[in-house]
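One structure is given here, and the rest of the page talks about it.
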Amino acid sequence: MRSILLAIVVAGAALALPADAGRSKQVRFVGLHPVPKSEGGGICYIEGPHVHIYGANKLEYRDHRGHQHFVGDPVAYGYDGPKHAYKGHHPIKVNVVVGTPEEDVEFCYLDGPHYHYFEPYEGPDFELRGDAYFYVGEPGPVYVQARPAMVKVNAIYEPIVYTRPIVEVEPPAAWIGVRFGGPAVVVAPAPAVEVRGPAARVEVVAPSVRVVVPPPPAIRVEAGIGINVGVGVGVGGGGKVKYKRGKAKRRGW
Amino acid sequence: MRALLLLAALAACSKSEEFSGGDGTKAALASPTEGPADDGARADVIEAWTKGGLSPSPLTPAQVPVGKDCRTGTVNAVDVLLCVFPSSAEAKAAEDAGLGWVGDTTGTSQAYGKVLVAAADRRKSDPSGRTINQMMKLAPR
């Protein structure tokens, strides 16, 4: 009898808790991705939907139906599986990568040569040259609008020493790096001009009074201009992509 | 947390049944891998894992708030929960509940036909996720 009463009390307490009380720390992921150094580093190779109790940053991940999908370069974090070389920014059809029905197009804003664990989607938007994929499609306004913020992802990879693809072919004329090759410059709105003149000073010098006339007012202009330089375009001569053995420090392209 | 409290409540109920002489669920779960709703689907998952080189342990009945016919065990030191449902739609609908069983650790919960497969790496024995990935890819759809 006592057991039944205890069971009722405990069950009541359990039902009073929110349904997700046991997994409030869970973050949903889909596809492989790097593991934070605080959690041991390396790569999580789970391809399907899964959960961890650490988060995902907004520069290397995109939300796909409530799951974080990694769109960065996995080789930088020790990935040793099949990989595909790209050069410059390009779209990713996340639904094709993870196998879900509804189309979800995101952009990778990694500059220059880099890897992904997936090939590009089929169609004329990509051209394969020298074993590297170049995006030659039309990116649309979403890419342009997000670019100033999203190119900051390159700062994450700048200090990482790892083997990158070496792309030594001429890019296609329609390559996104040719059409959008300039830096992603952020210019603040027109500066506000503030004109203030110092108030006239009156000095009283006994026994006379002298009025000091202030100089003309000084114009103070306050402005902030932020410049994000995120794209470098370097194109060499002909040749294939080289996969150098061992680590090589990035020297630009 | 909620799952643990419900487990405690169910355990208390089971104990009271024993004292009162009820038949409990022992007869229905006498088979090591199959419950009353199982038509071999759970065994198919175990067989696929074994053929794929994984090492599933024997499964034991589990009374969890995920389904009525659930069994737990381990695969290469990763905790697993296999629940059989009357239909694939019900198994699919239980995926979130499976994540509740996973709790605050790395894991997954996916329906494969009428079987819900949940895996939780509570011992941190699969830091790269390769074992969990292999389990999910081998499970028959």
Side-chain angles (χ1 to χ4, degrees), chain A residues 1-55 65-68 70 74 77-81 98-100 117, chain B residues 1-20 22 63-66 78 92 94-112 116-122 124-139 141:
Chain A
M1 183 62 180
R2 186 185 292 178
S3 296
I4 295 174
L5 287 173
L6 179 62
I8 292 171
V9 170
V10 172
L15 290 170
L17 287 172
D20 60 350
R23 50 187 179 92
S24 56
K25 297 181 185 176
Q26 288 179 351
V27 177
R28 301 191 182 205
F29 290 77
V30 63
L32 66 86
H33 59 87
V35 178
K37 286 184 180 176
S38 59
E39 300 291 328
I43 294 285
C44 168
Y45 286 89
I46 302 175
E47 298 171 29
H50 58 283
V51 296
H52 294 289
I53 53 171
Y54 49 77
R65 301 173 70 185
H67 293 73
Q68 299 300 310
F70 179 67
Y77 298 97
Y79 172 70
D80 60 4
V98 302
T100 48
Y117 68 92
Chain B
M1 182 63 180
R2 187 182 190 212
L4 285 172
L5 287 170
L6 280 175
L7 267 174
L10 289 167
C13 285
S14 295
K15 201 170 182 180
S16 70
E17 282 181 2
E18 284 182 10
F19 280 114
S20 63
Q63 297 195 358
V64 293
V66 178
V78 174
K92 186 73 178 172
E95 286 182 345
D96 269 6
L99 286 178
W101 173 84
V102 169
D104 289 340
T105 191
T106 291
T108 183
S109 174
Q110 292 291 303
Y112 295 87
L116 177 77
V117 177
D121 187 21
R122 300 191 179 100
K124 309 292 183 199
S125 59
D126 187 26
S128 69
R130 292 185 194 264
T131 296
I132 291 179
N133 189 55
Q134 195 176 4
M135 286 168 49
M136 306 319 270
K137 295 184 78 171
L138 288 171
R141 295 190 179 273

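Side chains included, hydrogens not; waters and symmetry mates left out as well; all remaining heavy atoms used. Each chain gets a letter, A, B and so on, in the order the sequences are listed, and its residues count up from 1. It should be emphasised that the depicted structure is a prediction, and the values quoted were computed from it without experimental measurement.
- With a threshold of 4.5 angstrom between heavy atoms, B/Thr105 approaches chain A through N, CA, C or O but not through any side-chain atom.
- Rounded to the nearest 0.5 angstrom, B/Asn133 CG and A/Leu32 CG are separated by 8.5 Å.
- Heavy-atom minimum distance, B/Leu99 versus A/Val51: CD2-CG1, 3.8 Å.
- The minimum heavy-atom distance between A/Asp80 and B/Arg130, with the atom names listed, is OD1-NH2, 3.4 Å.
- Under a 3.5 Å cut-off, the side chain of B/Thr108 and the backbone N or O of A/Pro49 do form a donor-acceptor pair.
- Per-residue heavy-atom pair counts under 4.5 Å with chain A were compared for B/Met135, B/Met136, B/Gln110, B/Glu95, and the maximum is reached by B/Gln110.
- Surrounding NZ of B/Lys124 are more than 12 heavy atoms belonging to other residues, nucleotides or ligands, all under 6.0 Å away.
- Scored by the ring-ring contact (aromatic ring centres under 6.0 Å, His included) test, A/Tyr45 finds A/Tyr79 as partners (sequence neighbours excluded).
- Between B/Ile132 and A/His50, the closest side-chain pair of non-hydrogen atoms is not below 4.5 Å.
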